[in-house]
Amino acid sequence: MSELAVLERDTILRFVGEIAPDVKASSKDDIQDTIGLSSIQVLELIEMIEDEFDILFPLNDLADIRTVDELAAAVKKLRDV
Amino acid sequence: MNLIERRIADNRAAFSDEEESLFGVTIEPMGSPVLGRCQGREVILAGTNNYLGLTYHPELMQAAEAALHDHGTGTTGSRMANGTLPHHVALEDALKKFYDAPSALAFTTGFQANLGVIAGLCDRDGVLLLDADCHASIYDGAALSGATVYRFRHNDVADLERKLKRLQDQAGNVLVIVEGIYSMLGDTAPLAEICDVVQSYGVALMVDEAHSFGVLGATGRGLAQECGVEDQVDVVVGTFSKSAACVGGFCVSRKHDFSLLRRDMRAFVFSASLPPSVVATATAALGVMAAEPERRKNLWHNAERLYGALANMGLEVGPEISPIVAVTLNDPEGAVTAWHGLLDKGVYVNLVVPPAAPDGKSLLRCSLSAAHTDEHVNQMIDAYRSIVA
């Protein structure tokens, strides 16, 4: 992950903590398989990210994203457009 | 382990034997739209989406029998090949008349109608903006289309507008999709407000009226009719599998000639068409819907009674009175116990557990019918009271 996506990564980890307070998540963790977010919780996370960063996140991009770092990089890319 | 063995093993690990046994419970029909036999006991069917109770209506059955006898069991072909019989044309003509619309297409299922319309309208240049709670067939149609897919918060018009504002440059490629009545909690879309926003941004709007067709509106055309905004909706998609008591899907448009788009709809082009008996049933159902408006009245009478009684018991019901009355429970185990409790009292409802139900919660989802009597509804209320006690 680019170092420039640190803000996005930290924000996403904070949101993950709000959605799944019992999980100690790391940015390298797989969002669904390791952290254990359900598909519906992932969509909830996307809503929080869209609001926080004032972006539109295409659901199509989720297919290629597994980890928090990958999600942070995708968010950063959208913010930079 | 090959792919298939691994997938089976994953599912075996993910679901308990009890969950497996509850998936696809068998209902034995008993010659009534609202009575059946489930797990060895006679039950009131309160989870079948048979809103108008037409499954044993004599006109529908006679139409089906005559078509079966005269035209055989199936068409053996797609609509674009040999699968268009005069029956299909008659059904589409009946739909046009029912909706007062110049254009109507019949599909083999409601699911395929959504796949066909969405993927037919949108390609990689398209932009889809879906209500978050849209049905799986809408999400699958969106994925199939290759369009860029966004969602807005369920029934949140302000969020829809925020997102449309960001998409202004692509307005000519945007299709917004909402539903008339949402299938899980029975709530309706704020369609008049949605139409205002959609009109102001100049984007197209599709409404899936699967659960509202036959249920809402002065003549049963759905939420768009109920809200007086039919002329602002670009395309309505619906199904014959609920109020029309058979199977099949359709799209109608008062604004556009969809017949010119049908060759773009692969689910229309490459699926075997509906058999004549089903097409005849759907056509007859449209006639009965128009001729027997008292069915809609009785449906809403039943909805008001059950919704009010369950709310008064302190159960967490949906946000508005609806023929879908869903009770939210916090834990799946408790929901399974409650579902068995209702069945023991002779009432079958749908059990919805995570991940199908959101937020780790579970639903006991009841769908009422015009064919339920006051006595049936009393029995439902008593059954719910017994699980609350």
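Computation of the quantities below employed the complete heavy-atom set of this structure, encompassing side-chain atoms and omitting hydrogens, waters and symmetry-equivalent molecules.
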Enquirer: For B:Arg266, look at atom CZ and say whether over 12 heavy atoms of other residues, nucleotides or ligands are found less than 6.0 Å away.
Expert: no
Enquirer: For B:Ala210, is there any backbone N or O sitting under 3.5 Å from a side-chain donor or acceptor partner on B:Glu179?
Expert: no
Enquirer: List the steps and the verdict of side chain to side chain contact (heavy atoms under 4.5 Å, CB included) for B:Glu193 and B:Val197.
Expert: CA-CA 6 Å; B:Glu193 293 92 328; B:Val197 170; 5.8 Å; no
Enquirer: Is there any residue in residues 118-127 of chain B with a non-hydrogen atom under 4.5 Å from a non-hydrogen atom of chain A, and which ones are they?
Expert: none
Enquirer: Compare every heavy atom of B:Gly116 with every heavy atom of B:Phe107, then report the nearest pair and how far apart it is.
Expert: CE2-CA, 4.2 Å
Enquirer: Considering all heavy atoms of both residues, which atom of B:Ala113 and which atom of B:Val237 are nearest to each other, and what is their separation?
Expert: CB-CG1, 3.8 Å
Enquirer: For the backbone of A:Lys28 and the side chain of A:Thr67, can you confirm whether one donor and one acceptor N or O come within less than 3.5 Å of each other?
Expert: no
Enquirer: Might you point out which heavy atoms bring B:Ala338 and B:Leu364 nearest each other, and give the distance in Å?
Expert: CB-CD1, 3.7 Å
Enquirer: Does anything in residues 121-144 of chain B form a ring-ring contact (aromatic ring centres under 6.0 Å, His included)? List the pairs, not counting sequence neighbours.
Expert: none
Enquirer: Given heavy-atom pairs under 4.5 angstrom as the criterion, report whether the side chain, backbone, both or neither of A:Ile46 touches chain B.
Expert: neither
Enquirer: As a quick check of understanding, evaluate side chain to side chain contact (heavy atoms under 4.5 Å, CB included) for A:Val68 and A:Ile35, giving each step before the final call.
Expert: CA-CA 10 Å; A:Val68 171; A:Ile35 299 173; 3.8 Å; yes
Enquirer: Determine which residues belonging to residues 151-168 of chain B lie within contact range of chain A, meaning some heavy atom pair is under 4.5 Å apart, and list them by number or answer 'none'.
Expert: B:Arg151, B:Arg153, B:Lys163, B:Arg166, B:Leu167
Enquirer: Is it true that a side-chain atom of B:Trp339 and a backbone atom of B:Val349 form a donor plus acceptor pair closer than 3.5 Å?
Expert: yes
Enquirer: Can a side-chain donor-acceptor contact be found between B:Thr109 and B:Gln112 if the only test is distance below 3.5 angstrom?
Expert: no
Enquirer: With only heavy atoms counted, which part of A:Glu50 is less than 4.5 Å from chain B, the side chain, the backbone, both or neither?
Expert: side chain
Enquirer: For A:Ser26 and A:Asp29, work out which heavy atoms get closest and say how close.
Expert: N-OD2, 2.8 Å
Enquirer: Please classify the contact of B:Ala143 with chain A as side chain, backbone, both or neither, using a heavy-atom distance under 4.5 Å.
Expert: neither
Enquirer: Side chain of B:Asp234, backbone of B:Met206: donor and acceptor closer than 3.5 Å?
Expert: no
Enquirer: When only heavy atoms count and the cut-off is under 4.5 Å, which of residues 51-60 of chain A reach chain B?
Expert: A:Asp51, A:Asp54, A:Ile55, A:Leu56, A:Phe57, A:Pro58, A:Leu59, A:Asn60
Enquirer: Please check this pair: side chain of B:Arg365 against backbone of B:Ser183, looking for a donor-acceptor N/O pair closer than 3.5 Å.
Expert: yes
